Amino acid sequence: MPELPEVETIVRDLRPHLLGQRIAQVVHLNPQVLRHPGPAELLSSLPGQLAVGMTRRGKFIHLRLDSGQTLVVHLGMSGSLIVAAADLPALPHTHLRLRLSSGVELRYRDPRRFGRVALGEEVVLRGLGVVPVLGDEPLGRGFPSPGVHAALRRSARPVKAVLLDQAVIAGCGNIYADEACFLARVRPSRPALRLSARERTRVLAALPIVMREAIRRRGTSFSDYRDGFGAKGEAFEALLVYGRGGSGCVRCGSTLRQATVAGRTTVFCVRCQQ
DNA sequence: CCCCTATCCTGAGGGC
DNA sequence: TGCCCTCAGGATAGGG
């Protein structure tokens with residue numbers, strides 16, 4: 001479950017290794033992970049292309065190529081994107097291997113195959129719905145926008161469901177939604193429209209705080225997450241609620257409760273979060 | 001229209 | 001020790 005901080009860490013790691021590199025060869029492709037175009041088209045399009053830009057939008061990675069096409073990668077639950085020496089054997093479930101002009105390989109791996117790869121002009125990919133409409137960037141200037149405030153004010157859904165809605169806030173996933181709610185002392189199951197203005201402000205202010213801290217720690221390390229070099233992150237130990245159901249709240253010592261909210265495992269403090 | 005649930009997929013971890 | 005069952009979840013499709 002790479003979320004914004006994990007994807008951002010990967011992009012920062014990989015960017016200097018990819019920009020200015022040419023794709024020499026597609027060493028391997030598993031067509032199952034390809035959303036667009038077909039395998040034949042990708043195999044004929046990629047070789048020879050120069051990487052000219054690499055950015056993150058929400059949880060999506062965009063590698064811009066000199067033809068005007070973009071290689072778009074979503075890591076799903078268990079995806080990783082790394083650079084590796086070409087002679088290093090690829091791990092199982094490696095679905096895409098691109099040999100670069102520098103000699104190293106860009107490798108996309110995803111055991112659970114929830115992630116997807118696509119290639120095309122961004123306008124086309126948006127038209128196809130491969131790249132969906134995304135909401136505000138939590139680390140962008142002007143966050144939270146009036147639109148995000150309004151989305152929370154209007155919705156009867158649990159506040160956590162709104163935080164997870166990529167069309168409202170891009171890049172927030174299960175871990176950081178729980179962490180932000182804890183920091184803001186707001187129970188994740190509260191209907192968003194029932195939050196006071198003060199609570200709404202606290203929740204939205206907490207998001208960039210927990211995400212910046214996670215980026216500082218190079219992403220949360222658990223299960224399949226790896227940074228751009230295949231190493232684990234170190235933010236797991238810093239999580240205050242996620243994965244800590246049944247143990248003590250760091251703020252008041254009460255036993256943290258685990259429940260399902262918005263279809264997701266959710267951990268919160270009954271005493272601190274009203 | 002809005003919200004919830006099932007679905008995809010594999011590996012980790014718990015229970016017996 | 002080993003096997004089997006359950007669970008984890010991002011995004012999407014479909015149902016109520």
Side-chain angles (χ1 to χ4, degrees), chain A residues 1-10 30-36 56-62 72-81 90-96 108-118 125-135 137-138 150-181 188-194 207 211 214 219-226 230 232-233 235-236 239 241-247 256 258-268:
Chain A
M1 49 212 94
E3 303 181 27
L4 187 154
E6 290 74 35
V7 178
E8 180 65 25
T9 299
I10 289 167
N30 176 357
Q32 282 184 302
V33 304
L34 196 56
R35 272 199 72 173
H36 182 85
R56 176 194 60 73
R57 176 78 174 99
K59 302 174 192 172
F60 288 82
I61 298 169
H62 291 231
V72 176
V73 178
H74 193 290
L75 298 173
M77 269 277 302
S78 58
S80 56
L81 191 67
L91 291 168
H93 309 293
T94 298
H95 305 302
L96 179 63
Y108 168 71
R109 173 174 188 258
D110 184 12
R112 293 182 207 181
R113 267 187 275 137
F114 280 19
R116 286 295 178 265
V117 170
L125 297 180
R126 272 200 295 275
L128 292 168
V130 172
V131 178
V133 175
L134 295 172
E137 284 287 335
L152 280 168
R153 237 178 9 242
R154 276 196 295 259
S155 179
R157 306 155 77 189
V159 57
K160 177 170 177 175
V162 181
L163 298 182
L164 292 175
D165 188 339
Q166 301 298 298
V168 177
I169 299 169
C172 184
N174 197 37
I175 295 177
Y176 299 107
D178 275 12
E179 294 297 313
C181 286
S189 56
R190 286 266 300 285
L193 50 72
R194 293 265 218 265
L207 263 183
M211 288 187 171
T220 293
S221 171
F222 64 99
S223 64
D224 293 292
Y225 169 67
R226 296 292 183 275
K232 298 184 178 193
F236 194 77
L239 297 179
V241 281
Y242 181 86
R244 297 192 65 244
S247 56
L256 295 174
Q258 183 164 317
T260 298
V261 177
R264 296 284 168 259
T265 299
T266 302
V267 183
F268 61 96

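No experiment lies behind these values; they were computed from the predicted model shown. A note on names: the letters A, B, ... follow the listed sequences, proteins ahead of strands, and every chain is numbered from 1. All values below were derived from every heavy atom in this structure, side-chain atoms included, with hydrogens, water molecules and symmetry-related copies excluded.
- The distance between atom CG of A/Leu164 and atom C1' of C/dA11, rounded to the nearest whole Å, is 11 Å.
- The interatomic distance linking A/Met77 (CE) with C/dT12 (P) rounds to 16 Å, in whole Å.
- In this model, the phosphate group of B/dC9 is not approached by any side-chain N or O of A/His93 to a distance below 4.0 Å at OP1 or OP2.
- Remark: ring of A/Phe114 stacked against base of C/dG10; centroid gap under 5.5 Å, plane tilt under 30°.
- Here CG of A/Leu75 is found 10.5 Å from NZ of A/Lys59. Values are rounded to the nearest 0.5 Å.
- For the OP1/OP2 pair of B/dC3 and a distance below 4.0 Å, the side-chain nitrogens and oxygens of A/Ser155 include at least one atom meeting the criterion.
- At the phosphate of C/dG9, OP1 or OP2 sits under 4.0 Å from a side-chain N or O atom of A/Tyr242.
- Summarising the geometry, the separation between CG on A/Leu128 and C1' on C/dT12 is reported as 16 Å, rounded to the nearest angstrom.
- Taking atom CG on A/Leu163 and atom C1' on C/dG10, their separation rounds to 15 Å, with Å as the unit.
- Backbone-only contact: A/Ala156 has heavy atoms under 4.0 Å from sugar-phosphate atoms and none from a base.
- Distances were taken from every side-chain heavy atom of A/Thr265 (C-beta onward) to each of B/dC9, C/dG9, B/dG11; the shortest belongs to C/dG9.
- Of the possible polar contacts, one joining the A/Glu3 side chain to the A/Asn174 backbone as a donor-acceptor pair under 3.5 Å is found.
- Put simply, A/Gln166 has a side-chain N or O that comes within less than 4.0 Å of OP1 or OP2 on C/dA11.
- Nearest-nucleotide positions on DNA chain B place A/Arg154 closer to the 5' end than the other of A/Arg154 and A/Arg264.
- Atom CG of A/Asn30 is separated from atom P of B/dC9 by 11 Å (rounded to the nearest Å).
- Residue-to-nucleotide contacts include a donor-acceptor pair under 3.5 Å from the side chain of A/Arg112 to the base of C/dA8.
- Between A/Lys160 atom NZ and C/dG9 atom C1' there is a gap of 10 Å when expressed in whole angstrom units.
- For the pair A/Arg113 and A/Ser78, the tightest heavy-atom approach, listed with the atom from each and the gap, is N-OG, 4.3 Å.
- Spacing between atom NE2 of A/His74 and atom P of C/dT12 amounts to 8 Å, rounded to whole angstrom units.
- Protein atom CZ of A/Arg35 is 9 Å distant from nucleotide atom C1' of C/dA11, rounded to whole Å.
- The side chain of A/Arg157 sits closest to B/dC3 out of C/dG10, B/dT10, B/dC3.
- The heavy-atom pair separating A/Cys172 from A/Leu207 by the smallest distance is SG-CD2, 3.8 Å.
- Partner A/Leu152 forms a side chain to side chain contact (heavy atoms under 4.5 Å, CB included) with one of A/Val159, A/Ile169, A/Leu193 and no other, that one being A/Val159.
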